[in-house]
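Some notes on the structure that comes next.
Chain letters run A, B, ... following the sequence lines, proteins first, then strands; residues in each count from 1. Scope of the values below: all heavy atoms of this structure, side chains included, with no hydrogens, waters or symmetry mates.
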2 protein chains.
Amino acid sequence: MISQAEENYLKALFHLTNEMQGKIEAGTNELAEILDVKPATANNMLKKLKEKEWVSYEKYGKITLTDKGKSLAVETVRKHRLWETFLYEKLNFTWDEVHEVAEQLEHIKSDKLVQQLERFLDFPETDPHGDPIPNAKGEIKFVNRKTLAEVEVGKTCKLISVKDNSSSFLQYVVKLGLGLSSKIKIISRQDFDGSMEIEVNKVRSSISKKVAQNLFVV
Amino acid sequence: MISQAEENYLKALFHLTNEMQGKIEAGTNELAEILDVKPATANNMLKKLKEKEWVSYEKYGKITLTDKGKSLAVETVRKHRLWETFLYEKLNFTWDEVHEVAEQLEHIKSDKLVQQLERFLDFPETDPHGDPIPNAKGEIKFVNRKTLAEVEVGKTCKLISVKDNSSSFLQYVVKLGLGLSSKIKIISRQDFDGSMEIEVNKVRSSISKKVAQNLFVV
DNA sequence: TAACGAAGTTAGATTAATCTAACAAATTTT
DNA sequence: AAAATTTGTTAGATTAATCTAACTTCGTTA
């Protein structure tokens, strides 16, 4: 049996390693940080996860998920994203509201539930943030994404997902008039700080480089 | 903040008191029994619930829910029954599969979720077992039910709910050819033990008095 | 390369929910 | 009403997940 806390640790490790481009191992402190616990707590849990053979790591070494650990993590990510899709498409939740509730729903234990939920949603490929939903075998369809910061001046692109899923960031994005599939035209860019002028639905706004780097477009 | 365990205790107390006809107070042992914990554990939790003013009880006395406790309990019952309805109607769960998963789902914390789920299901009045679903104000529409054991020989009645929601009992009921809305004709009854011969879809079976007392009909 | 700061670990305490074993009160039976 | 049975309580231990404070190791930089 896997506990909710254990699922959260595995999921966090998955995000830190397999899902981050160019990273394959994680450290105790960064793990603790994204889970909002103290390093001592993460270290303590890591021992249990190692005991269960869901992570491999040695004292003072780096952490990686084992195959079993990764597959458990992917299953949790799959549930999270299916629930987000359900909330967004069927229950009128907004973009920025889905994450918090999905964090709870992802821990419900029932294979039939997940399988039927997926069928009910008609086998969606991405969640409301544009992130890919793993299939029942744990396979994840790779989505080729670049950030808004990389788009050339004058071009128009489509918003497909965001890197930062925090409620505050999503609310800020909504305030810019942006949503999934929004068309964004790049009007100009400042060389000295990378900030840019964009146009969405004929409305112009200025956004910082940091923000642009958190918006995935295609 | 209320914990899952606390919600379970309040819900159990609600079932034992307000929802049982002719009972308004409960004892430590029976509470422990339906929660499948030891009396010592229930006693320990009772102290916390009293502290939070969700139950009123004195040492060696009987337990009753306060108004606040009852309203928390009803909210949990509401969520449980809405989720059961969702699983049954939208996700192809069978009668006997819904309970276990709803036990988990009922603890998800989100007012919007419950409100939207209810709308999505088109404001159902009863769950798949025929039990009434409390509305958003906590009001419960009373359903006048008698048990199969009370029906006269020769009469035909309709199954609307079951008292025992355990998976094993529900599976037994299904094996008798019974489901929600099944028409049941009483063929005969044995005086000495109350067992009865019934006919469902032209198939006759014999059931014990105990079983008949767990089937609500109208 | 020595030392400093960052990263990681350990020991011990805390909290919630549970258990067992022993005890106390209340109720029922004889 | 005394004894027996049932019901309820207490004390103390356990487990999982967390914390703080002190300590150790690693890696970088002066």
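Straight-line distance from the CD1 atom of A/Ile63 to the C1' atom of C/dA7: 11 Å, rounded to whole Å. Rounded to whole angstrom, the span from the CG atom of B/Leu31 across to the P atom of D/dG8 amounts to 10 Å. Summarising the geometry, the separation between CD on A/Glu58 and C1' on C/dG8 is reported as 14 Å, rounded to the nearest angstrom. In this structure, B/Lys62 places its NZ atom 8 Å from P of C/dT27, rounding to the nearest Å. Look at CD on A/Glu30: it is 11 Å from C1' on C/dA7, rounded to the nearest Å.
Partners of B/Lys109 according to the side chain to side chain donor-acceptor pair (under 3.5 Å) rule, which considers only residues two or more places apart in sequence or in another chain, are B/Glu7. Partners of A/Ser195 by side chain to side chain donor-acceptor pair (under 3.5 Å), not counting sequence neighbours, listed by chain and number: A/Asp193. Listed by chain and residue number, nothing satisfies the side chain to side chain donor-acceptor pair (under 3.5 Å) test with A/Glu152 (two or more places apart in sequence, or in another chain). Every residue two or more places apart in sequence or in another chain was checked for a salt bridge (charged side-chain N to carboxylate O under 4.0 Å, His left out) with B/Arg189, and none qualifies. In terms of the side chain to side chain donor-acceptor pair (under 3.5 Å) criterion, residue partners of B/Asn8 (sequence neighbours excluded) are, by chain and number, B/His107.
Across residues 68-76 of chain A, not one residue has a non-hydrogen atom less than 4.0 Å from an atom of DNA chain C.
Look at A/Lys47 and you won't find any side-chain N or O under 4.0 angstrom from OP1 or OP2 of C/dT9. At the phosphate of C/dA7, neither OP1 nor OP2 sits under 4.0 Å from any side-chain N or O atom of A/Tyr57. For A/Asn43, no side-chain nitrogen or oxygen approaches OP1 or OP2 of C/dG8 to under 4.0 Å.
Note on residues 22-31 of chain B: pairs passing side chain to side chain donor-acceptor pair (under 3.5 Å), not counting sequence neighbours, are B/Lys23-B/Glu30. Screening residues 12-55 of chain A for ring pair (Phe, Tyr, Trp, His ring centres under 6.0 Å) gives no qualifying pairs among residues at least two apart or on separate chains. For residues 114-125 of chain A, the side chain to side chain donor-acceptor pair (under 3.5 Å) pairs, not counting sequence neighbours, are A/Arg78-A/Glu118, A/Gln116-A/Arg119, A/Gln116-B/Asn92, A/Glu125-A/Lys141.
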Scoring nucleotides 12-23 of chain C by protein non-hydrogen atoms under 4.0 Å (B base, S sugar-phosphate only, - none) yields ----SSBBB---
5' to 3', nucleotides 1-6 of chain C under a 4.0 Å protein heavy-atom cut-off (B base, S sugar-phosphate only, - none) gives ------
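Taking the ring centre of B/Phe169 as origin, the terminal cationic atom of B/Lys163 falls outside the region bounded by 6.0 Å and 45° from the ring axis.
Taking the charged nitrogens against the carboxylate oxygens, A/Asp131 and A/Arg145 do have a contact shorter than 4.0 Å, which makes a salt bridge. One finds a salt bridge joining B/Glu6 and B/Lys52 here, because a Lys/Arg side-chain nitrogen approaches an Asp/Glu carboxylate oxygen to under 4.0 Å. A/Lys112 has a carboxylate O that lies under 4.0 Å from a charged side-chain N of B/Glu97, or vice versa, which qualifies the two as a salt bridge.
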What pairs of nitrogen or oxygen atoms, one from the protein and one from nucleotides 23-25 of chain D, lie under 3.5 Å apart?
none

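Pairing each heavy atom of A/Trp83 with each of A/Leu105, the nearest pair is NE1-O, 3.3 Å.
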